[in-house]
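Here's the structure, in structure tokens; my notes come after.
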Protein chains: 2
Amino acid sequence: MEMRQDIRDSLARRRQRPLVLEVRDELERMILHGEIPGGERLNEAALAEQLGVSRGPVREAARSLEREGLVRTVANDGVYVRSLSVDEVLELYDLRAMIAGYLCGRLAARGDAQTAARLTEDVAQMDDAIAAGDEPRYFELNLSFHDRIAAAAGAERARTLYVALGKEVRLMRRRVLSGAASLRTSNAEHGQIAAAIAAGDAARAQALGAAHHENAKERLLETL
Amino acid sequence: MEMRQDIRDSLARRRQRPLVLEVRDELERMILHGEIPGGERLNEAALAEQLGVSRGPVREAARSLEREGLVRTVANDGVYVRSLSVDEVLELYDLRAMIAGYLCGRLAARGDAQTAARLTEDVAQMDDAIAAGDEPRYFELNLSFHDRIAAAAGAERARTLYVALGKEVRLMRRRVLSGAASLRTSNAEHGQIAAAIAAGDAARAQALGAAHHENAKERLLETL
DNA sequence: CAACAGAATATTGTTGACAATCGACAATCT
DNA sequence: AGATTGTCGATTGTCAACAATATTCTGTTG
């Protein structure tokens with residue numbers, strides 16, 4: 001059914017999603033894209049005006065971001081975009097590696113043949129992307145590969161942590177190494193992980209999943 | 001307006017501390033003590049009146065608790081105290097075990113002789129408490145033992161996660177097994193952990209720290 | 001010129017009022 | 001009766017004004 005444009009507009013304007021969620025997503029986006037640099041204070045009034053809302057939702061959104069580690073709050077002063085030291089980043093990589101391993105292990109233990117098959121497909125597509133020199137596509141597929149594991153592992157809390165830590169890592173604006181060689185190495189690890197999951201070998205999947213992320217940490221260290 | 005005396009007092013004592021922090025601590029305490037049962041909705045207006053503040057700080061405190069996993073928010077409906085399924089609790093134990101292991105390993109790698117000595121003292125004191133049949137004292141010492149490790153490991157993010165997961169686990173109101181026998185077993189594990197840390201054996205400390213928490217999960221499973 | 005006190009300003013903290021939304025129940029229609 | 005619609009009360013969502021606090025500026029003083 002075709003809907004009159006003005007009606008559609010008014011519905012869109014009268015969004016059902018609370019403003020605080022919109023504001024939170026937008027603040028998160030701005031921080032992760034570096035539009036608000038690390039160490040900078042978030043000015044409530046300025047942000048509220050910029051986003052066309054009042055300060056209430058902005059404050060609530062900031063509280064929400066605080067728990068996720070993207071900002072830190074100083075009483076009677078304001079909330080500041082967090083900036084990470086090298087040691088903190090390395091710790092985040094360690095934590096994420098452990099949780100990624102756990103997710104891989106849980107998924108392997110489930111015997112989810114359909115997900116295992118799709119993971120194997122993902123690996124093949126990433127190989128294609130490497131061969132085609134299409135790095136953006138590789139990164140996109142890489143993201144969905146790991147998301148798929150996290151989503152199908154049946155461990156929602158671990159998944160939440162994994163995603164949150166992933167965002168936190170991005171506070172470090174440094175670009176990771178790319179290049180066809182390291183991509184091939186990385187995807188070979190993906191293949192082993194997918195195979196262990198398909199084989200239902202939980203211990204091996206866990207070890208490989210953790211090692212894969214530890215390797216990412218090593219690759220990062222080489223750039224420092 | 002009726003105001004709780006303790007809140008009023010803390011207001012008078014330290015005006016520097018924003019209300020939202022007081023409210024957050026109080027809400028957290030109420031939830032963890034079971035004063036607000038799992039599944040119950042937090043009524044903003046009622047809580048605000050009870051605590052002698054307006055709804056703003058209550059809402060902000062709720063957002064803060066949301067990220068910690070103690071409550072879940074339903075848009076246009078309210079925030080509900082989370083209640084955990086058995087599977088969720090087991091997952092929390094797994095995650096906490098991994099992070100505890102990580103903290104033990106990091107601490108062992110630091111070669112912090114002073115902390116290692118205090119941990120050994122803690123173990124001895126817990127032995128005394130068991131011999132005296134003083135379970136409350138044992139639990140107190142047990143808590144400080146693990147806090148000491150987390151605080152001295154030099155991994156603040158992991159420490160934060162460990163503490164948060166500990167609170168989350170407490171959402172399950174079930175009481176863990178006690179009794180002198182299981183206390184002795186548990187404290188023997190403490191002793192081994194302290195020894196591995198004192199010896200600077202990071203891998204062993206990590207494995208023992210994780211195993212200690214996995215055992216706690218097993219003891220929980222036996223009560224189900 | 002440095003150190004300090006105090007006003008001026010900017011920003012966060014808090015509040016009460018109003019709008020939007022939802023669930024329950026009553027009224028109406030077929 | 002059963003389904004649909006309308007209304008009401010309770011609760012959350014949002015806002016703008018006011019209060020408290022921190023920061024900056026400035027003039028004064030030793």
Side-chain angles (χ1 to χ4, degrees), chain A residues 7-28 30-31 36-37 39-67 70-82, chain B residues 1-4 6-27 30-31 36-37 39-67 70-82:
Chain A
I7 302 289
R8 181 196 292 271
D9 284 351
S10 90
L11 280 181
R13 229 177 289 117
R14 184 161 16 184
R15 79 288 137 205
Q16 292 169 326
R17 197 150 182 254
L19 283 183
V20 58
L21 294 181
E22 303 287 350
V23 173
R24 187 168 67 74
D25 288 350
E26 178 61 10
L27 281 183
E28 186 176 291
M30 287 197 284
I31 292 172
I36 310 177
E40 184 125 320
R41 198 185 71 233
L42 303 181
N43 186 313
E44 292 177 5
L47 284 170
E49 187 178 7
Q50 180 180 341
L51 300 176
V53 301
S54 72
R55 282 174 51 217
V58 173
R59 285 177 63 89
E60 284 185 40
R63 291 289 176 200
S64 201
L65 259 38
E66 183 185 10
R67 281 293 171 186
L70 292 186
V71 301
R72 70 173 217 281
T73 299
V74 181
N76 287 320
D77 186 1
V79 317
Y80 292 82
V81 176
R82 218 172 132 216
Chain B
M1 179 190 319
E2 185 92 13
M3 187 185 284
R4 288 181 50 135
D6 51 352
I7 298 294
R8 180 201 295 273
D9 285 350
S10 70
L11 275 182
R13 262 200 313 277
R14 302 211 35 162
R15 202 40 137 88
Q16 289 87 345
R17 193 142 190 257
L19 283 183
V20 57
L21 294 181
E22 302 287 348
V23 173
R24 188 168 66 74
D25 288 349
E26 177 62 10
L27 280 183
M30 288 198 282
I31 291 172
I36 310 177
E40 184 127 321
R41 197 185 73 237
L42 303 181
N43 186 315
E44 292 177 4
L47 284 170
E49 187 178 6
Q50 182 181 345
L51 300 176
V53 300
S54 71
R55 281 175 50 217
V58 173
R59 285 178 63 89
E60 285 186 39
R63 290 288 175 199
S64 202
L65 259 38
E66 182 185 12
R67 285 288 174 183
L70 293 186
V71 301
R72 71 173 216 280
T73 299
V74 180
N76 287 320
D77 187 0
V79 316
Y80 292 81
V81 176
R82 218 171 132 219

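The chains referred to below are lettered A, B, ... by the order of the sequence lines, with proteins before strands, and numbering in each begins at 1.
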Over all atoms of both residues, closest heavy-atom pair of A61(B) and V20(B): N-CG2, 3.6 Å
Please give, in whole Å, the distance from dC15(D) P to E60(A) CD? 11 Å
I need the CG-P distance between L21(A) and dG13(D), as an integer number of Å. 9 Å
With heavy atoms under 4.0 Å as the rule, sort G56(B) into base, sugar-phosphate or nothing. base
Between E28(A) and L70(A), is any pair of side-chain heavy atoms under 4.5 Å apart? yes
Pairing of R63(A) and E60(A) as salt bridge, 4.0 angstrom limit: no
Gap between atoms OH and C1', on Y80(A) and dA22(D) respectively (whole Å): 10 Å
If the sugar-phosphate is the primed atoms plus P, OP1 and OP2 and the base is the rest, what is the B/S/- string for nucleotides 5-12 of chain C, using protein heavy atoms under 4.0 Å? ------SB
List for me each residue that meets side-chain contact (heavy atoms from CB on, under 4.5 Å) alongside L47(B), sequence neighbours excluded, and say none if there are none. L27(B), M30(B), L42(B), Q50(B), V58(B)
Holding to side-chain hydrogen bond (donor to acceptor under 3.5 Å, both in side chains), I want the full list of residues that pass it with R82(A), two or more places apart in sequence or in another chain. E168(A)
Contact residues, residues 46-54 of chain A to DNA chain D [heavy atom, < 4.0 Å]: V53(A), S54(A)
Go through the structure and list residues passing side-chain contact (heavy atoms from CB on, under 4.5 Å) with D77(A), not counting sequence neighbours. R41(A), V74(A), Y80(A)
Across all chains, not counting sequence neighbours, the side-chain contact (heavy atoms from CB on, under 4.5 Å) partners of E44(B) are R55(B), R59(B)
Using a 4.5 Å cut-off on heavy atoms from C-beta on, say whether the side chain of V53(B) contacts that of E26(B). no
